[in-house]
Student: 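Pasting a structure here, questions to come.
Whatever order the structure lists ligands and atoms in, that order sets their numbers, starting from 1.
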Amino acid sequence: MTEALSKSLRHSAAARWISLAIVSFSMLCGYYVADVASPLKPLLEQQLKWTSAEYGFFTGAYAWFNVAMFMLIIGGILLDKLGARLTGILACILMVAGCTLKWWAVTTHVLDGGMFFGTKTQVWVAALGYAVFGVGIEIVGVTATKVIARWFKGYEIALAMGLQVGTARIGTSLAVGLGGPIAEKFHQSIGAPILVGVVLLSFGLVAYIIYCAMDRRLDETEGLMEGPSEEDAFRLSDIADILRIRGFWYVTILCALFYSGVFPFIKYAPDLMVQKFGVRENLAGSIPSILPIAAIPLTWFFGWYYDKKGKGATLMVLGSLLLVAVHFVFAVPFLNSWVVALVATIFLGFAFALVPSAMWPSIPRFIPHRQLGTAYGLIFWTQNLLALWVVPYLIGWVLDKYCIVGTRVSQAGTSPAYNYGLPMAIFTVLGVLAVVFGLLLKAEDKAKGFGLELPSRG
Ligand SMILES: NCCCC[C@H](N)C(=O)NCC(=O)O
């Protein structure tokens with residue numbers, strides 16, 4: 001075994017970086033689809049007559065199965081039991097299937113006029129597709145994180161995770177920035193940018209199948225079969241072990257709160273640009289698309305910095321503080337120039353780099369490798385519940401209930417005019433709570449010696 005390990009494919013830098021590139025590409029395709037509906041919100045309201053609450057309902061569906069059916073936790077356990085190949089391929093197939101259903105729902109006329117429990121049948125079916133897609137992308141996310149932790153153990157693990165998350169953000173940026181123009185190019189077609197997503201996801205599936213060949217080779221060079229060895233096998237008591245670690249709770253709650261201030265914001269940001277900053281509808285996504293772009297190089301940089309210098313917990317606190325400052329600026333009514341929006345968005349991108357680049361590589365510092373799938377599954381479950389379900393729905397509901405201030409008339413039709421002050425105040429409060437949990441994590445790290453403030457042991 002020792003001899004096998006010394007010949008492990010992991011020790012080849014080329015193999016490590018190629019595997020990272022392939023897995024990151026699959027993630028990029030998934031992230032495009034995850035956010036492609038956000039620049040389409042005005043079109044959904046004008047052409048399909050969706051309300052903001054229905055948009056929030058659809059957006060929150062991403063997390064339905066992940067949370068209510070514990071698919072993320074089951075997925076994490078499956079990953080620890082079955083290994084990255086089978087789990088990853090199944091998850092990629094779910095992404096393609098879910099996105100295809102979503103595309104069908106917004107393009108067919110079969111569902112026209114139908115209502116189910118007070119919500120349009122079309123919204124339900126699109127949401128169902130998005131929910132299936134959500135299971136797929138989240139499990140791919142957990143799988144990719146564990147894959148990288150394995151290949152880069154003892155190497156540049158934080159840099160690698162930063163590169164993976166940063167590359168995935170290119171998908172977010174493409175979705176937010178190009179979703180509107182693609183729809184416009186095809187005569188304001190809501191289906192066109194989503195269909196592009198189906199094609200991208202199919203490429204992502206092929207890429208992951210190619211990665212599986214490398215994963216198999218890695219197992220062979222380490223003398224393993226698919227799945228973990230008996231010594232590494234998952235035990236149910238592992239969940240209890242993980243949940244007993246107080247630092248794990250802090251990082252999980254910090255994650256849920258921080259991402260609640262970012263992911264739901266991205267879903268509403270193009271509309272915010274139109275409603276508060278007077279940006280033209282067809283360019284609504286252009287400023288928000290800068291958010292992930294600003295995050296990309298800094299996610300890589302802070303990943304590298306964490307490997308070399310440490311200070312992981314401090315980076316998370318700083319990122320959360322920046323989140324508070326930016327949302328506060330968005331909430332102030334008289335700061336309504338597009339220049340303010342641009343600068344604030346760039347700073348939000350910095351926050352979006354600081355926290356993820358330190359958070360994800362911190363987990364292997366206090367959770368053993370064989371429990372990593374389960375641990376990431378638990379963290380993502382909590383994040384899905386708050387950041388991808390409750391908060392996006394809450395914002396849509398708040399907009400409809402408290403924020404309608406008139407009617408907007410545009411070329412494509414009429415839609416409500418909103419005052420985004422209250423939603424932005426909610427995002428600010430979430431940021432303040434994230435700072436509190438960041439500080440608690442920093443104190444716990446000091447008390448328990450997780451090593452979050454130390455450089456990587458290379
Ligand atoms: N818009 C994509 C949502 C991905 C959510 C995923 N659970 C996650 O948090 N990934 C890490 C990240 O920083 O994006």
Student: Using the six-membered ring wherever Trp is involved, compare the ring planes of Y268 and Y55 and label them parallel, tilted or perpendicular (cut-offs 30° and 60°).
Tutor: perpendicular
Student: Hey, which residues fall under 4.0 Å of ligand 1 on heavy atoms?
Tutor: Y31, A34, D35, Y62, E138, V165, R169, Y259, F263, P356, W360, F380, Q383
Student: Answer with yes or no whether the side chains of D271 and Y420 bring together a donor and an acceptor at under 3.5 Å.
Tutor: yes
Student: Drop me the distance from E444's CD to L452's CG, to the nearest 0.5 angstrom.
Tutor: 10.0 Å
Student: If we ignore angles and hydrogens, is there a donor and acceptor under 3.5 Å between the side chains of Y306 and S456?
Tutor: no
Student: Using the side chain to side chain donor-acceptor pair (under 3.5 Å) rule, collect all pairs that involve residues 126-146, keeping only residues at least two apart or in two chains.
Tutor: Y62-E138, D80-K146, Y130-K267, E138-N384
Student: Between F57 and W64, is the gap from one ring center to the other below 6.0 Å?
Tutor: yes
